[in-house]
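Below: the structure, in structure tokens.
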Amino acid sequence: GRNQNSKGEKSMPKTEFKPRRTMWSKKFTYDYWMESLGVPIHKGFYIEDLRTLPLGWWEERQCMTAFIQLVGQEGISSTRITEIPAGETTRPLKFSLDEIVYVASGRGLTAIWYNNSSAKKTFEWQQHSMFLIPHGCHHQFSNMQGDKPLRLLHYSYLPMAMTTITDPDFFFNNPYP
């Protein structure tokens, strides 16, 4: 069912997202979705320091996060900062788009794998590393530091994609390859 994970365990019910975009709207479907999550959205021309940016709890992803929407990137690209506590690992996620990840602070490990494959590929990274998570693969981020949280900056073209396909479920954990 909709409120069960892949192992058949019950999960938190999800708030249904319904975009309100009209032909004359100055907001994009992505903007409405981003606002529906209830986490901070930082807007402007620049961000002073990614390592100290205020974050909020994203229930569905079970992590602290904030969106960044710089002037000129509206409707084009998505930027988000995620914090992973010391020694913790994020929930597995399958994302339908390529995602660039920049390590703002910390040291960790990423595991990636594809549907119907038991072979996980893992790689380590540290502050100032940058890597690409390929579209359609499952992935998890782990904080290898036992004494402090780490921060990752995520970048993708989700706003452009959501202009065409308005259902966020298509992009997050879609069962199709």
Side-chain angles (χ1 to χ4, degrees), residues 14-85 90-108 110 112 123 125-141 143 148-174 176:
K14 197 169 102 174
T15 305
E16 194 65 34
F17 170 72
K18 294 185 178 29
R20 298 171 292 192
R21 182 162 165 72
T22 63
M23 187 161 75
W24 306 109
S25 177
K26 293 187 184 217
K27 288 177 113 177
F28 295 88
T29 302
Y30 173 80
D31 297 327
Y32 291 113
W33 171 77
M34 190 172 51
E35 291 169 359
S36 77
L37 299 175
V39 299
I41 303 167
H42 301 279
K43 298 181 179 190
F45 289 97
Y46 71 100
I47 299 297
E48 185 78 33
D49 189 345
L50 296 173
R51 299 165 300 172
T52 59
L53 193 68
L55 308 175
W57 184 250
W58 186 359
E59 183 63 35
E60 190 175 351
R61 293 287 302 129
Q62 294 288 299
C63 66
M64 295 296 286
T65 196
F67 289 91
I68 299 169
Q69 192 172 57
L70 300 179
V71 173
Q73 89 181 98
E74 303 94 338
I76 305 294
S77 58
S78 168
T79 307
R80 178 174 43 84
I81 193 93
T82 300
E83 185 172 272
I84 303 171
T90 61
R91 285 181 167 181
L93 174 69
K94 180 182 173 191
F95 189 49
S96 296
L97 303 172
D98 288 345
E99 184 173 68
I100 297 170
V101 180
Y102 170 75
V103 183
S105 68
R107 196 178 79 241
T110 296
I112 63 170
F123 57 92
W125 35 262
Q126 62 188 2
Q127 187 169 353
H128 304 302
S129 294
M130 185 181 288
F131 52 91
L132 179 107
I133 301 293
H135 67 278
C137 74
H138 299 270
H139 62 277
Q140 280 185 291
F141 303 109
N143 184 346
K148 56 187 167 190
L150 65 81
R151 287 200 175 194
L152 303 174
L153 180 77
H154 307 262
Y155 179 87
S156 72
Y157 286 103
L158 183 57
M160 282 185 14
M162 284 186 88
T163 298
T164 306
I165 302 169
T166 60
D167 181 8
D169 289 339
F170 179 84
F171 301 101
F172 298 96
N173 293 318
N174 184 329
Y176 302 104

Nearest-0.5 Å distance, [atom1] of residue [X] to [atom2] of residue [Y]:
X: F28; Y: M34; atom1: CZ; atom2: CE; answer: 11.0 Å
X: H138; Y: I112; atom1: NE2; atom2: CD1; answer: 11.5 Å
X: L153; Y: E99; atom1: CG; atom2: CD; answer: 9.5 Å
X: L152; Y: I100; atom1: CG; atom2: CD1; answer: 14.0 Å

Exercise. Determine yes or no for a side-chain-to-main-chain donor-acceptor pair under 3.5 angstrom, with S105 supplying the side chain and L150 the backbone.
Key: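 Checking the backbone N and O of L150 against the side chain of S105, no donor-acceptor pair under 3.5 Å is found.
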Quiz item: Between N143 (side chain) and K148 (backbone), is there a donor-acceptor pair under 3.5 Å?
Solution: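 Yes: the side chain of N143 pairs with the backbone of K148.
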Which word best sums up how the rings of [X] and [Y] line up, parallel for under 30°, tilted for 30 to 60°, or perpendicular for over 60°?
X: F141; Y: W125; answer: perpendicular
X: Y102; Y: H128; answer: tilted
X: Y30; Y: W33; answer: tilted

Quiz item: When the ring centroid of F95 is compared with that of H154, is the distance short of 6.0 Å?
Solution: no
Quiz item: With respect to R151, which candidate in L50, V103, L55 satisfies the side chain to side chain contact (heavy atoms under 4.5 Å, CB included) definition?
Solution: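 With R151 as partner, L50, V103, L55 yield a single side chain to side chain contact (heavy atoms under 4.5 Å, CB included), made by L55.
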Practice problem: Please check if atom CZ in F123 has more than 12 non-hydrogen atoms from other residues, nucleotides or ligands closer than 6.0 Å. | Solution: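 Buried by this count: over 12 neighbours within 6.0 Å.
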